[in-house]
Asks: 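Structure incoming, see below.
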Amino acid sequence: MGEKRTVYSICGMCSVRCPIAVEVEDNEVLWISGNPHDQGIKTGICAKGIAGRTLLKDTERPLSPLIREGERGSGKWRSVSWDEALDYVADKLKKIIDEYGGRAVLLSDRGGPFGEYRKAFLKAIGSPNYCNHDVTCAMSVNHAALSLFGFGRKTLNYDYKNAKHIILYGRNIMEAIKIKTTKAVLDALDKGAKLTYIDPRYSVTASKATRWWKIWPGTDYALNLALIHILIKESLYDKEFVSRWLDGFEHLANFVEPYTPEWAEKETGIPAHEMYEFCREVAQDAPHVIFHPGWMRARYLQAFWEIRTTYLLNILLGAIEVPGGLFFMKGPGDAGKKGLNSIGENLPKVEEKRADGVGWKYPHINKGPGLLHRAFEAIKTGDPYPLKAYFVHRHDPLTGLPDPEAQVEIFKNLDLLVVIDVNWSETSKYADVILPECTYLERSDLIATQKGLKPGFRIRTAAIKPQYDTKPGWWIYLQLAKRLGKGEHFPYETIEDLWQKQLEGTGVSVEDIQKKGFISLTDKPIWYDREEKLPFKTASGKIEIIAKKWEEAGIPSLKPYESPEKPPAGKFRLLFGRCAWQTHGMWQNNPALHPYLKENVLWINDQVAKEMGLKTGDIVIVRNGNYEKKIKIFATELIHPEAVYMLHGFGRTVPQQIRAYQKGVADQRLEIGLLDVYDPAGGANALCECFIEVEPVK
């Protein structure tokens, strides 16, 4: 028996990336827990996190590089060496770059702190076309923040633990689970905080709430306009903070004048008197209140304005840079320390315009995450130029974006589709080459900056060696860069070389970080002086009601409210979500998690079900366009009668995932035609602008 040791690392089972402690012996992972050195999480971990162990021995994933044989989607593969796979990809890329230029290459991933080398790879070959998954997540949240503050959503975070009132718009914190956040919210509730949950469907988070508003789907914007109306009319807002930091208050006050609670009651179904009571409550609790703008808000066409007014509710109550409210995320510079060096900092800037139109066709959209659905349009049309190679890294657009059948047709215009992933994804089924990445327990990644009240650095360190013929992502891209003649830009051989580059001049060593898995650069929390130093990045230096960039693009900063479309006769608006042991479409086939949830069910209002002659457990057909499938129903009063709901990520079509194969319904396949339906101001897909038929099985 070898010596037992503990490796402090970062979980990879979802995008939260919790700090973990991994117990190891003889290249075997014995146990995973939360990192006890992190006081926010201690040893806590979610079901997904502990299930990471089962990935290591799971053979229902790519275990070596694969090159497609036969037609795309045929499921015929040839297992090859890494040299053969990388040579194949490099040769294809050389031909594409020679004919169309480096700009013909697109890469999409799930974003996050470890992907800098992917962006550097694109930069080295001359492509501006990096996108991440944000069009189906928080893109409209990001642009709402940019339009007000001049910076994106990640610059502000939430001090839940010290809040007196937390307001969540479909932000199902107890199931879309972020351990530290969940613990902080529960701590606040234990201390007497109130929780208002706003959602057409009851969730686990709603079960913890002081108040659940079963709002009519798509009417959050109407509710917010009415709440702002009350706060201003009754002088419940923070006049000092608004006077000091908000530019354009009079414009806002005039705009919300007609949007009374009585009007909003007819739109939202929420009684006007409850809106008044609520506003008086939050005014008493202010500034220790949090109106969460949402995370995954890629749902409705008015999302940008819904979220913008959610931020404005925080602003009116002075809940910015205060305990129990929203606070600025501080970086190393705020602690008087040097930050990490960028892997691609010395690469020449790519001057090509982006294929997705960001920065020129859509000047109000941020270049960072891009517009993946508009990049797909460029693949389809060749306008503004051809995109011929597509790298998909730990991202699954055929699950995450709507209408996968339409996407598959678009992919026919590609000369090369490469998938780099731990799992079989729906997209991998159509790849030309699969380059299998080792699991997060088997790979080290780049050092990441940890912003917050106490900024620092954190690190993912491999706990064991890879069990199969898989490789870390950074290694894959370095090898490709060298094969493409770009090796001079990447003078690295090992992860230690990359770490050394990142840490040069910081005064911090890898060993310093690895002792606990992270290192703080300050002992005390850093708060800005609200009277002197709130670093808004706008022209006025204040929060701006009138967003110049959007106005110049023909998009109003405050848009007159439009009632959402009602479901046609016989149809329902499709809502979707996840539970605590899922990560969207990633782990339905996980050996530990699959037995607990083998397929999804359809939530439907119990009175509607009764009228249809249905009860819980009955089977119905759900249908839209050419896609239809059977599913069991759950009849309940806990969902709005106009809507139905299902968990996302089911209906897997990759036969190699034997456990999950064809189990349940794929909600994205019901979203026919929605690939080109998106929030024009925020850029995010409008995934819930979808109406489906529900028919009893006769």
Side-chain angles (χ1 to χ4, degrees), residues 62 64-68 78-109 114-130 340-350 352 387-394 414-422 431-438 442-447 460 462 465-466 468-504 510:
S64 67
L66 300 170
I67 293 177
R68 174 176 57 81
R78 176 166 56 93
S79 181
V80 299
S81 69
W82 276 98
D83 279 339
E84 183 176 350
L86 292 168
D87 286 345
Y88 181 93
V89 172
D91 288 345
K92 289 278 190 181
L93 275 178
K94 286 175 185 175
K95 292 176 183 176
I96 290 168
I97 293 170
D98 285 347
E99 184 172 354
Y100 301 102
R103 67 184 188 177
V105 181
L106 168 69
L107 186 149
S108 72
D109 62 19
F114 306 122
E116 187 185 335
Y117 58 84
R118 300 192 281 275
K119 297 177 185 178
F121 172 77
L122 281 182
K123 201 173 179 182
I125 64 174
S127 174
N129 293 312
Y130 166 81
L340 297 173
N341 300 299
S342 169
I343 298 302
E345 63 186 359
N346 295 321
L347 287 164
K349 184 179 179 182
V350 178
E352 293 280 1
L387 288 176
K388 289 297 182 180
Y390 181 22
F391 282 72
V392 185
H393 190 118
R394 296 215 60 211
L414 293 168
D415 293 343
L416 179 66
L417 176 57
V418 179
V419 167
I420 302 169
D421 208 333
V422 170
D432 300 308
V433 183
I434 297 175
L435 303 177
E437 188 172 32
C438 46
E442 301 166 310
R443 72 174 185 268
S444 296
D445 274 312
L446 296 180
I447 299 166
R460 172 180 285 155
K465 296 177 181 178
Y468 299 101
D469 193 14
T470 60
K471 298 288 185 181
W474 59 265
W475 182 89
I476 294 170
Y477 288 93
L478 290 184
Q479 296 301 314
L480 284 173
K482 290 173 181 177
R483 282 168 166 79
L484 293 171
K486 304 297 180 181
E488 75 275 10
H489 298 303
F490 302 97
Y492 318 106
E493 296 295 333
T494 66
I495 191 65
E496 288 79 12
D497 294 338
L498 289 162
W499 288 342
Q500 183 179 355
K501 165 66 177 176
Q502 288 185 283
L503 289 173
E504 282 176 4
V510 173

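As a basis for the values below, the full set of heavy atoms in this structure was taken, side chains included, without hydrogen atoms, waters or symmetry mates.
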Asks: In Å, rounded to the nearest 0.5 Å, how long is the span from CD of Glu488 to CG of Leu347?
Replies: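 Atom-to-atom, Glu488:CD and Leu347:CG are 9.0 Å apart.
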
Asks: Drop me the distance from Asn341's CG to Gln502's CD, to the nearest 0.5 angstrom.
Replies: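 Here the rounded value is 8.0 Å.
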
Asks: Rounded to the nearest 0.5 Å, how far apart are OG of Ser108 and CZ of Arg394?
Replies: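 With rounding to 0.5 Å, OG (Ser108) is 13.0 Å from CZ (Arg394).
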
Asks: Roughly how far apart are Ile476 CD1 and Ile420 CD1, rounded to 0.5 Å?
Replies: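 Separation between the atoms: 5.0 Å.
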
Asks: Which pair of heavy atoms, one from Ala104 and one from Ile96, lies closest together, and at what distance?
Replies: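 So the two residues come closest at CB-CG2, 3.9 Å.
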
Asks: Are any non-hydrogen side-chain atoms of Val510 and Glu496 less than 4.5 angstrom apart?
Replies: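 When only atoms from C-beta onward are counted, Glu496 and Val510 do not touch, as no gap falls below 4.5 Å.
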
Asks: I want to check something: taking the side chain as every heavy atom from C-beta on, are Pro65 and Ser81 in contact at a cut-off of under 4.5 Å?
Replies: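 Of all side-chain heavy-atom pairs linking Ser81 with Pro65, none is under 4.5 Å.
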
Asks: Can you tell me if Asp432 and Tyr88 form a side-chain donor-acceptor pair at under 3.5 Å?
Replies: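 No, no side-chain donor-acceptor contact under 3.5 Å.
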
Asks: Is there side-chain contact between Val89 and Phe391, with heavy atoms separated by less than 4.5 Å?
Replies: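 SC-SC contact between Val89 and Phe391 confirmed.
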
Asks: Would you check if there is a donor-acceptor pair between the side chains of Glu116 and Ser342 at a distance under 3.5 Å?
Replies: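 A donor-acceptor contact under 3.5 Å links the two side chains.
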
Asks: Quick check: do Leu484 and Leu93 have side-chain heavy atoms less than 4.5 Å from each other?
Replies: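 Leu484 reaches Leu93 side chain to side chain.
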
Asks: One thing to verify: whether Glu437 and Arg443 come together as a salt bridge, which I'm taking to mean a side-chain N less than 4.0 angstrom from a carboxylate O.
Replies: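 Looking at Arg443 and Glu437, the cut-off is met.
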
Asks: Of all heavy-atom pairs between Pro472 and Cys438, which one has the smallest distance, and what is that distance?
Replies: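 In this case the closest contact between Pro472 and Cys438 is N-SG, 3.3 Å.
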
Asks: Checking side-chain contact (heavy atoms from CB on, under 4.5 Å) against Pro128, which of Leu106, Val350, Leu122, Val105 comes through?
Replies: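 For Pro128, the side-chain contact (heavy atoms from CB on, under 4.5 Å) test succeeds with only one of Leu106, Val350, Leu122, Val105, which is Val350.
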
Asks: Considering all heavy atoms of both residues, which atom of Gly102 and which atom of Ser127 are nearest to each other, and what is their separation?
Replies: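 Nearest pair, atom of Gly102 first, then Ser127: O-CB, 3.1 Å.
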
Asks: Does the side chain of Tyr390 reach to within under 4.5 Å of the side chain of Val392, using non-hydrogen atoms?
Replies: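 When only atoms from C-beta onward are counted, Val392 and Tyr390 do touch, with a gap below 4.5 Å.
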
Asks: Any donor-acceptor pair under 3.5 Å linking the side-chain atoms of Trp474 with those of Asp445?
Replies: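 No, because no side-chain N or O of Asp445 sits under 3.5 Å from a partner of the opposite role on Trp474.
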
Asks: Within this structure, what is the NZ-CD1 distance for the pair Lys123 and Ile343, rounded to the nearest 0.5 Å?
Replies: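 Those atoms lie 12.0 Å apart.
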
Asks: Mind jotting down which residue pairs meet the salt bridge (charged side-chain N to carboxylate O under 4.0 Å, His left out) criterion with at least one end in residues 87-101? Sequence neighbours excluded, please.
Replies: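 Matches after skipping sequence neighbours: Asp87-Arg483.
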
Asks: What closest approach, in Å, do Ser79 and Ser64 show between heavy atoms, and which atom pair accounts for it?
Replies: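 So the two residues come closest at OG-OG, 2.6 Å.
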
Asks: Going through the checks in order, is the side-chain contact (heavy atoms from CB on, under 4.5 Å) test met by Phe121 and Tyr130?
Replies: CA-CA 10 Å; Phe121 172 77; Tyr130 166 81; over 6 Å; no

Asks: Considering only NZ, NE, NH1 and NH2 on the basic side and carboxylate oxygens on the acidic side, decide whether Glu84 and Arg78 come within less than 4.0 Å.
Replies: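 Counted as a salt bridge, because a side-chain N and a carboxylate O are separated by less than 4.0 Å.
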
Asks: For the residue pair Leu414 and Ala389, what are the closest heavy atoms and their distance?
Replies: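 Taking Leu414 first and Ala389 second, the nearest heavy atoms are CD2-N, 4.1 Å.
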
Asks: Can you tell whether the side chains of Lys501 and Glu345 come within less than 4.0 Å, N to carboxylate O?
Replies: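 Salt bridge between Lys501 and Glu345, a charged N being under 4.0 Å from a carboxylate O: yes.
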
Asks: What is the distance from atom NE2 of His393 to atom OH of Tyr477, rounded to the nearest 0.5 Å?
Replies: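 Separation between the atoms: 5.0 Å.
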
Asks: Quick one: closest heavy-atom pair of Phe490 and Ala481, and the distance?
Replies: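 Residues Phe490 and Ala481, closest heavy atoms: CD1-CB, 3.6 Å.
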
